[in-house]
Number of protein chains: 4
Amino acid sequence: MAQRTASAEDKRQLLLGAAVRVFAEKGYHAARVGDIAEEAGVAYGLLYHYFRSKDEVLETIFQTTWRNMLATVESIAEAGGPAGEQLRKVTEVILRTWRRDPDLVRVLVREVTRSSQLPRQVDEIAAALRALQAVIERGQAAGELRADIDARLASVVWYGALEEVLTGWVLGRLADDDEGIAEAEQTVVAMLGNGLVPR
Amino acid sequence: MAQRTASAEDKRQLLLGAAVRVFAEKGYHAARVGDIAEEAGVAYGLLYHYFRSKDEVLETIFQTTWRNMLATVESIAEAGGPAGEQLRKVTEVILRTWRRDPDLVRVLVREVTRSSQLPRQVDEIAAALRALQAVIERGQAAGELRADIDARLASVVWYGALEEVLTGWVLGRLADDDEGIAEAEQTVVAMLGNGLVPR
Amino acid sequence: MAQRTASAEDKRQLLLGAAVRVFAEKGYHAARVGDIAEEAGVAYGLLYHYFRSKDEVLETIFQTTWRNMLATVESIAEAGGPAGEQLRKVTEVILRTWRRDPDLVRVLVREVTRSSQLPRQVDEIAAALRALQAVIERGQAAGELRADIDARLASVVWYGALEEVLTGWVLGRLADDDEGIAEAEQTVVAMLGNGLVPR
Amino acid sequence: MAQRTASAEDKRQLLLGAAVRVFAEKGYHAARVGDIAEEAGVAYGLLYHYFRSKDEVLETIFQTTWRNMLATVESIAEAGGPAGEQLRKVTEVILRTWRRDPDLVRVLVREVTRSSQLPRQVDEIAAALRALQAVIERGQAAGELRADIDARLASVVWYGALEEVLTGWVLGRLADDDEGIAEAEQTVVAMLGNGLVPR
DNA sequence: AATGAATGAGTTTTCATTCAT
DNA sequence: TATGAATGAAAACTCATTCAT
């Protein structure tokens, strides 16, 4: 029975992986349920054994990703160290997702607004934002970061910058080779951390 | 005939305004052509005298908005003055759109990804980004801004921050009263301009 | 506009007539919306201009028929005369529907139960039953009919007998030539009528 | 092996009983095979060990019920006695089914038409009608019943009256307490019986 | 006998768009 | 210009049934 459960979980993952590829290629809306099933090599009816609807598939992708993101940010935060260094690590982790799983990022970037319609997703994203905010607040408390800036707003600004860089890569607006990625990391950290104005 | 043209233009605007309200309320996809016509108080067939398709209506909204945005950014750039001040003005203009026309911002934020699918839009957004980039480059040339940061990346980061603040307002994640708006402006300018790290 | 309305009403009738024929032939469930449209010679989308759903088409057929039935029964009742004679006329009118519009009777008989699921129909049928009941009550009050029998039950029994005769014709269980119809009328009236007459 | 067979028969009955309850509650069409299995407390695949299809389940319910009905009517007929008394007994047996197994009657009444599509059912019902007809014919031959009324038609009328009374109870149109049931029996017998008796 | 994962046929309905008036 | 009747493409989803285990 453990076997059966494991196998069922495998099938779920198989479908989820196929969905990411298909959504990345054609977009959520244009992707037909049959495309996902075909990509996964199963009959489309099977998708409805594992998910309530096509929507739930996307929702699951978002939820899983954000949960992981949240866990990563939190583990970085818990690891301690200078706030600036923590923010650099968060930036690095998030931006490197592009190299690790470009299809996933494509889906995330293209369907953000769809996800934000769904109340549940908002919670997940909000949780990640709060984690980022907490890092900033601790940095402010420790005197490492400016205390005259609202931590929540700062987290929103930081997150927006990251999302837009990813969007730039997805849309081909920005160079996404190794050098481009490294430069983006540095730029985000430099601009947000130290500012654009020379000192 | 001038009158007729004017009247035709009025009808177009009437339909566009109605479309913004309807798209803001139900989202582009859920909005039916009939809803827009009803909101505008005309028969739905009439929409096809002024627009080729429902898609073109959204496209027009984006194009017009971005053209205005671009013109504004360019006029700020042409007006001259310190780069930092120019960036502050751009930030102010973009963020105050929320107060001026929240429905428009709702549509823009909710349908960004759809817009980025449409090739024509990319140009408009890209043009606005280039204008922002130009401001930064001039600031770098004048020694007012750090020259070790890629201007294109900087424009992307800046734009991302603005978009995410608007998103925060749309989703109710951030306070959007006058004070909240003022604080957001200052925070964006402060963080991106001067950095989060105290000097 | 009167013309347009008339034409619209014609189209509705066209679709309703086609629906009766198709439902009669294949049954409501097996009948596809496309079959009705094809029978009517229009595109199936048009059906949705005139009816909310396939269900509403059937509902309309029932409602119209029962409304007519009710009107007929009431007009017979209002015409006055001996109760027995009124019941004979009602029987005649209902049974002769089979000759007048066999397809309609086929639909009515085959889909009775479906109609009784729909709350609105219940009212229509109930109204017709009440009219029949009223005829019986007046006959009882006038001493023409036995007063020791509950008029409501009597109307139900009478109606059941009529429905089953129609069912017999629909299923080919009973002869439905002119002679068969005449005999059925006489039999129903004889069995039910003489039973109601005091001795 | 007798045990195994008995157990298998039990499972069949278990499933049939569950099907009656589920069909009574949601109707045949809305009832899913899974619902029946769940009501019976077994996996839905098991249903296919005992029945060829969902349709066969309903068919079996009808067949069993009608076979019993037929047997009952025939045993009443064979017991002899005055025809009027026999008809009273038949009426009593059929109407009391409502008290004995309301769910079964609900299914029978709601799905009559569905059953009449199925050729096999027609035979069963036809057989019961013939039995009723035989009772009447014997009554006519014995001079106890009017001979000027067609026995087949009379059986149809009688059956229709019974079915409609049951329908009235199912739909809540008629009182179905003990008194209501008793009155219905008497009314049917009085109306139909006295009408058949020569004067 | 029992389970439930897997299959895929089958159909209503929506709604953007066209076009006769 | 304006109307709204007419068209038909397009796809998610349900659920009866099969079958490997």
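Letters A, B, ... are given to chains in the order of the sequence lines, protein chains preceding strands, and every chain is numbered from 1. Values in this document were obtained by computation on a predicted structure and should not be read as measured data.
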* Sequence-aligned protein contact record of nucleotides 16-21 of chain E, with B where the base is within under 4.0 Å of a protein heavy atom and S where only the sugar-phosphate is -> SBB---
* Asked: How close or far is atom P of F:dA5 from atom CG of C:L14, stated in whole angstroms?
  -> 15 Å
* Structure fact -> Whole-Å distance, B:L15 CG to F:dT3 P, equals 10 Å
* To do: Please determine, for the side chain of B:Y50, which listed nucleotide (E:dT3, F:dA6, F:dT1) has the closest atom?
  => F:dT1
* Asked: Under 3.5 Å, side chain of B:K54 to main-chain N/O of B:A31, donor-acceptor pair present?
  -> yes
* Heavy-atom distance under 4.5 Å between the side chains of B:Y48 and B:V33, does that happen here? -> yes
* Which pair of heavy atoms, one from A:L14 and one from A:A40, lies closest together, and at what distance? -> CD2-O, 3.5 Å
* **Heavy-atom closest contact (D:L104 atom, D:T65 atom, distance)** => CD1-OG1, 3.6 Å
* Structure fact -> Heavy-atom closest pair (A:F23 atom, A:R110 atom, distance to 0.1 Å) is O-NH1, 4.2 Å
* Asked: For C:L58 and E:dT12, what is the distance between atoms CG and C1' respectively, to the nearest whole Å?
  -> 15 Å
* Asked: To the nearest angstrom, how far is C:F51 atom CZ from F:dA6 atom C1'?
  -> 15 Å
* Atom pair distance, as rounded to whole Å: CD1 in C:I36 and C1' in E:dT11 -> 12 Å
* Asked: For the residue pair D:A19 and D:V57, what are the closest heavy atoms and their distance?
  -> CB-CG1, 3.5 Å
* Pairwise salt bridge (charged side-chain N to carboxylate O under 4.0 Å, His left out) hits with a residue in residues 37-51 of chain D, at least two apart -> D:R21-D:E39
* Asked: Rounding to a whole Å, what distance do you find between D:K26:NZ and F:dT14:P?
  -> 13 Å
* Any donor and acceptor pair, going by atom type alone, linking the side chain of D:E111 with main-chain N or O of D:Y28 inside 3.5 Å? -> yes
* **Per-nucleotide pairing state of DNA chain E [Watson-Crick or G-U, under 3.5 Å; [ ] pseudoknot-crossing; | other strand]** => .||||||||||||||||||||
* Asked: Starting at CG of A:L47 and ending at P of F:dC13, how long is that distance when rounded to a whole Å?
  -> 9 Å
* To do: Let me know the distance between CD of C:E56 and C1' of E:dT12, rounded to the nearest Å.
  => 14 Å
* Which heavy-atom pair separates D:V107 from D:A24 by the least distance, and what is that distance? -> CG2-N, 3.5 Å
